[in-house]
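What follows is a single structure, written as structure tokens, with notes after it.
In this text, all values refer to a predicted model and were calculated from it rather than measured experimentally. Count residues from 1 along the sequence.
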Amino acid sequence: MAGKLYDVVVIGSGAGGGTLSARLAELGADVLVLEGGPKLNTRTDFNTHALPYEFPFRHVPVMKPGKPGMDGERSRGLGGKTQLWNAVALRFSQRDFKGRQHDGAGEDWPFDYADMKPYYDRIEQQVGVCGNYDHLEDLPDGIFLPPVPLKCTDRAIQVGAQKLGVPVIHVRKATLSQSRGTRPACHFCGNCMSGCDVLAKYNSYDVHMIPASRSGKLTLQHNSIVHELAVSDEAEVKEVRYFDRETRAEGAAQGRIVVVACACAQSIALLLMSKSSRFPTGLGNSSGQLGKNFIPHITAGFEAFLTDFIGKPPVNDEGFLDHAYIPSFMHERKRDYPRSFGVQFNYQNHRSVGWARSMKGMGKAYKQSIKDRYPAYMVFTGYHEMLPNKDTFIDLDPERVDEYGLPRARRSWKLSDDDWKLHNDMKKWCREILLASKAEILTVSQGPATNHEVGGCRIGTDPRTSVVNEFCRSHDVPNLYVVDASVFPSSSEKNPTLTIMALATRTADHIAEQLKGSPA
């Protein structure tokens with residue numbers, strides 16, 4: 001509504017923005033969500049059950065023909081990345097929140113696991129997380145639906161890893177193993193990262209925002225690409241400026257409080273673009289730390305064939321992709337580096353058989369060799385935490401703009417000596433686990449790669465070394481909050497999404513109190 005002053009304007013509708021906006025509406029705040037991508041119908045807009053032979057070049061597009069969205073950093077759609085995530089939902093542990101206290105490296109969070117536990121509990125109850133109660137110090141148990149069964153190939157890895165004293169557990173996912181309300185249990189179509197047309201897998205649009213919008217307190221405005229946060233003389237955000245993704249018509253929104261939740265790199269880019277005479281290097285950047293302390297997950301990938309399964313008849317065991325997980329196990333072992341790693345495996349989508357191109361042979365024998373190895377193929381990827389360093393950061397690329405004429409976020413990263421020690425040890429363990437499981441290794445990634453983007457807008461109590469405080473509020477701009485993985489001061493080796501959602505809920509409760517006039 002033109003000229004309306006909302007209680008809260010939220011930029012982004014994914015794990016952070018969707019969770020936070022729904023919670024605020026539940027608490028009575030009048031909330032506007034600005035999403036850069038289109039409105040989506042998860043039942044009809046994704047190629048959830050498509051097969052390669054239906055498309056040219058055997059490539060399955062995510063969206064149905066003629067449907068935009070999910071095709072760029074600034075045109076995703078309502079629900080954001082939760083529409084396409086793999087739904088792995090892992091709690092951080094006390095060691096993750098206080099890593100510096102444990103091993104003397106990196107940065108601690110300004111609160112403990114005990115402070116976050118009630119918010120993890122609430123989120124898991126709302127979205128439905130399946131998993132097993134494993135009683136691990138470094139991977140706290142939650143409130144779980146029953147786990148899904150391990151696949152036969154998971155059991156083979158479990159037996160091999162056990163020889164090395166390495167645990168293999170059921171994965172924990174925000175995907176229903178039992179029906180809940182109007183959401184059915186997962187039917188194991190095995191295409192989880194191309195949308196879920198029955199809502200067995202959580203997405204923020206359908207599960208959080210649509211129900212919350214029925215109260216009349218939550219307004220969802222799609223196709224609105226925010227490009228600037230304008231500040232007043234009092235150093236508060238006075239206006240959120242955006243343009244329509246389709247018509248390019250300019251617009252503006254006002255809120256007593258503004259929350260940036262665009263996802264890590266995009267949130268940082270928006271703040272860096274929002275320059276003014278008061279904030280010449282980016283909004284809320286008096287510390288000079290905006291974009292610094294970028295700490296993405298670092299991965300090493302393997303492709304392998306489990307030899308016991310070569311030549312076995314293929315079976316329909318794709319499931320909801322990965323059913324098992326190797327949690328952190330290094331903290332109690334002797335090593336010469338800080339932090340640890342976990343391993344995600346068996347999440348390959350059998351619709352894509354790109355590995356066949358690397359196999360030798362031709363004709364009938366070649367085809368048979370592919371069929372023989374099809375049931376035995378597995379991807380196996382280690383994820384490890386990265387420590388912040390001066391060479392790893394996000395800034396704006398002065399020479400490259402996106403399709404809307406806005407500068408692109410540029411990622412720069414470099415591993416420290418400790419990071420390399422961890423990375424190389426992780427690769428060694430991955431190889432040993434595979435070999436102990438009687439695997440034939442097909443490929444190994446040539447070098448480290450980045451995955452989940454974390455950091456760059458660090459949370460902390462010291463305004464000189466962080467950008468936002470312990471409630472994700474800007475140290476410099478009192479009505480500005482940032483709520484996504486960019487605020488993480490450390491990343492753990494675990495997927496960040498569940499922690500984003502818990503943190504967003506905690507921040508929403510804090511904002512609701514501020515709107516009531518309670519002291520900070």
Legend entry - Test log, rule side-chain contact (heavy atoms from CB on, under 4.5 Å), inputs Leu40 and Met70: CA-CA 10 Å; Leu40 299 174; Met70 306 298 162; 3.5 Å; yes
Legend entry - Verdict with reasoning, Leu271 to Val482, per side-chain contact (heavy atoms from CB on, under 4.5 Å): CA-CA 10 Å; Leu271 295 173; Val482 182; 4.0 Å; yes
Inset, instruction - May I have the step-by-step check of side-chain contact (heavy atoms from CB on, under 4.5 Å) for Cys130 and Phe320, ending in yes or no? - result: CA-CA 12 Å; Cys130 62; Phe320 65 10; 3.8 Å; yes
Inset, instruction - Go through Val60 and Ser194 one step at a time and tell me if the side-chain contact (heavy atoms from CB on, under 4.5 Å) criterion holds. - result: CA-CA 9 Å; Val60 182; Ser194 294; 5.9 Å; no
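At distances below 3.5 Å, not a single donor-acceptor pair connects side-chain atoms of Ser267 with backbone N or O atoms of Cys264. In this structure, Thr219 contributes its side chain and Leu32 its backbone to no donor-acceptor pair below 3.5 Å. The backbone N or O of His350 sits less than 3.5 Å from a side-chain atom of Glu318, completing a donor-acceptor pair. In terms of modelled atom types and a separation under 3.5 Å, the side chain of Gln83 and the main chain of Gly195 share no donor-acceptor contact. With Asn86 contributing its side chain and Cys192 its backbone, the two residues share no donor-acceptor pair below 3.5 Å. Side chain of Asn191 to main chain of Thr48: a donor-acceptor pair is present (N/O by atom type, distance under 3.5 Å, no hydrogens or angles). Asp108 places a side-chain N or O within 3.5 Å of a backbone atom of Gly99 that can act as its donor or acceptor partner. Panel note: side chain His59, backbone Pro56; no donor-acceptor pair is recorded below 3.5 Å. A donor-acceptor contact shorter than 3.5 Å links the side chain of Arg339 to the backbone of Ala105. Judged by distance alone, the side chain of Asn479 and the main-chain N or O of Val237 form a donor-acceptor pair under 3.5 Å.
Contact between Glu107 and Pro489 at its shortest, heavy atoms only, is CB-O, 3.9 Å. Closest of all the heavy-atom pairs between Leu34 and Ala253 is CD1-CB, 4.3 Å. Taking both residues in full, the closest heavy atoms of Thr82 and Ser204 are given as OG1-N, 3.0 Å, listed atom of the first, atom of the second, then distance. Minimum interatomic distance between Leu272 and Thr281 (heavy atoms only, all atoms of both residues): CD2-O, 3.6 Å. Closest of all the heavy-atom pairs between Ser13 and Leu78 is OG-CA, 3.5 Å. The two residues Ala261 and Gly17 come nearest to each other via the heavy atoms CB-N, 3.5 Å.
The side-chain heavy atoms of Gln348 and Trp355, taken from C-beta on, include no pair separated by under 4.5 Å. At a threshold of 4.5 Å between non-hydrogen side-chain atoms, the residues Val444 and Phe302 count as touching. By the 4.5 Å heavy-atom criterion applied to side chains, Met386 and Ser491 are not counted as neighbours. Contact of the Val379 side chain with the Tyr347 side chain is registered, since non-hydrogen atoms from C-beta on lie closer than 4.5 Å. Side-chain contact between Asp197 and Phe46 is absent, with no heavy-atom pair separated by less than 4.5 Å. In this structure, Gln126 and Met501 have side chains that are not in contact, with every pair of non-hydrogen atoms separated by 4.5 Å or more. Side-chain contact check for Met193 versus Trp85: every heavy-atom pair is 4.5 Å or farther apart. Proximity of Ile295 to Thr392: side-chain heavy atoms (C-beta onward) are nowhere separated by under 4.5 Å.
A salt bridge links Arg43 with Asp206: at least one charged nitrogen is closer than 4.0 Å to a carboxylate oxygen. Ion pairing between a basic and an acidic side chain is recognised when a charged N comes within 4.0 Å of a carboxylate O; Asp322 and Lys173 show such pairing. Using a 4.0 Å cut-off between charged nitrogen and carboxylate oxygen, Lys64 and Asp45 do not count as a salt-bridge pair. A salt bridge is defined here as a Lys NZ or Arg NE, NH1 or NH2 lying under 4.0 Å from an Asp or Glu carboxylate O, and Arg411 with Glu73 meets this definition. Between Arg91 and Asp121, at least one side-chain N (NZ, or NE/NH1/NH2) sits under 4.0 Å from a carboxylate O, which counts as a salt bridge.
Neither side chain, Thr299 nor Asn451, offers a donor N or O lying under 3.5 Å from an acceptor on the other. At a cut-off of 3.5 Å, with distance as the only test, a side-chain donor of Asp484 or Ser486 sits close to an acceptor on the other residue. Using modelled atom types and a 3.5 Å distance limit, the side chains of His475 and Ser466 yield a donor-acceptor pair. Between the side chains of Glu54 and Asn47, no donor-acceptor pair is found at a separation under 3.5 Å. Side-chain contact, Asn349 with Ser352: no donor N or O sits under 3.5 Å from an acceptor N or O.
Of the options Arg408, Arg245, Arg410, Arg74, a salt bridge (Lys or Arg N to Asp or Glu O under 4.0 Å) to Asp402 is made by Arg74 and by none of the others. Of the listed residues (Glu453, Glu385, His452), just one forms a side-chain hydrogen bond (donor to acceptor under 3.5 Å, both in side chains) with His297, and that residue is His452.
Between atom OH of residue Tyr481 and atom CD of residue Gln514 there is a gap of 4.5 Å, rounded to the nearest 0.5 Å. In this structure, the separation between OG1 on Thr182 and CG on Leu199 is 7.0 Å, given to the nearest 0.5 Å. Of the inter-residue distances, the one linking Ile500 atom CD1 with Thr505 atom OG1 reads 11.5 Å to the nearest 0.5 angstrom. A distance of 5.5 Å separates CH2 in Trp109 from CZ in Phe97, rounded to the nearest 0.5 Å. Rounding to the nearest 0.5 Å places OG of Ser274 at 5.5 Å from CG of Leu283. How far OG1 of Thr42 is from NZ of Lys201: 10.0 Å, rounded to the nearest 0.5 Å.
A 6.0 Å sphere centred on CD of Glu399 holds no more than 12 heavy atoms belonging to other residues, nucleotides or ligands. Counting non-hydrogen atoms of neighbouring residues, nucleotides and ligands closer than 6.0 angstrom, the NZ atom of Lys67 exceeds 12 such neighbours. The neighbour count for Glu250 CD, taken as heavy atoms of other residues, nucleotides or ligands under 6.0 Å away, is above 12. Heavy atoms of other residues, nucleotides or ligands lying less than 6.0 angstrom from CZ of Arg248 number more than 12.
When ring centroids are compared, Tyr404 and His227 stay outside the 6.0 Å threshold.
For residues 201-224, the ring-ring contact (aromatic ring centres under 6.0 Å, His included) pairs, not counting sequence neighbours, are Tyr202-His208.
Stacking of Arg23 on the aromatic ring of Tyr119 is not recorded, the 6.0 Å distance cut-off and the 45° axial limit not both being met.
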